[in-house]
Structures are given as structure tokens and as C-alpha cells.
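Let me give you the structure first, and then I'll get to my questions.
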Amino acid sequence: MQTNPKPQNPVAKRLRPVVYLYAAFNIAVAMLLFSTVSPTLATGPAQEMASAR
């Protein structure tokens, strides 16, 4: 019975931290963008300006 070890991919090994960093950065930017959005409806002058557009 012959067992072959998995071939190592050095490029994937080097890029894995970069991919994790990129994903974390994207999540942070998405959280920042969602935190700036107000879930309430516009009232008063803001609503009049929105309807004028």
C-alpha cells in the first residue's frame, strides 16, 4: 500500500494571511458603511428636500 503525502503549495501558504487581512478589511469597511446609515425615516426639512429631488 502506497501513501502519497499531500503536495505542499507554497504560493497558497504565503497568500493565506493576505486573504485573511483583505477579508477583515472588507468587513470593517462594510460595518463602517452600515453604521453611517440611519434606519429612521426623514422628517421635517430633510423630508421636504428629499421630495423636491
Side-chain angles (χ1 to χ4, degrees):
M1 190 164 141
Q2 194 177 27
T3 58
N4 291 335
K6 260 185 154 178
Q8 296 293 324
N9 192 345
V11 175
K13 200 172 196 176
R14 286 193 315 255
L15 284 179
R16 190 169 290 130
V18 175
V19 171
Y20 288 148
L21 209 65
Y22 181 74
F25 178 74
N26 280 332
I27 290 171
V29 169
M31 287 175 60
L32 177 68
L33 290 175
F34 280 122
S35 70
T36 60
V37 176
S38 174
T40 58
L41 296 173
T43 58
Q47 189 176 15
E48 292 172 11
M49 288 180 66
S51 65
R53 290 183 188 174

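Heavy-atom basis, side chains included; hydrogens, waters and symmetry copies ignored. Treat the numbers as computed from the prediction; the structure is a model and nothing was measured.
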Phe25: which other cluster members, linking ILVMFWY side chains closer than 4.5 Å, directly or transitively?
Val29, Leu33

Would you give the length of the straight line joining atom CG of Leu32 to atom CD1 of Ile27, rounded to the nearest 0.5 angstrom?
14.0 Å

Taking only residues two or more places apart in sequence, or in another chain, which ones meet Val11 in a side chain to side chain contact (heavy atoms under 4.5 Å, CB included)?
Asn9, Arg14, Leu15

Partners passing side chain to side chain contact (heavy atoms under 4.5 Å, CB included) against Val19 (at least two apart in sequence or in another chain):
none

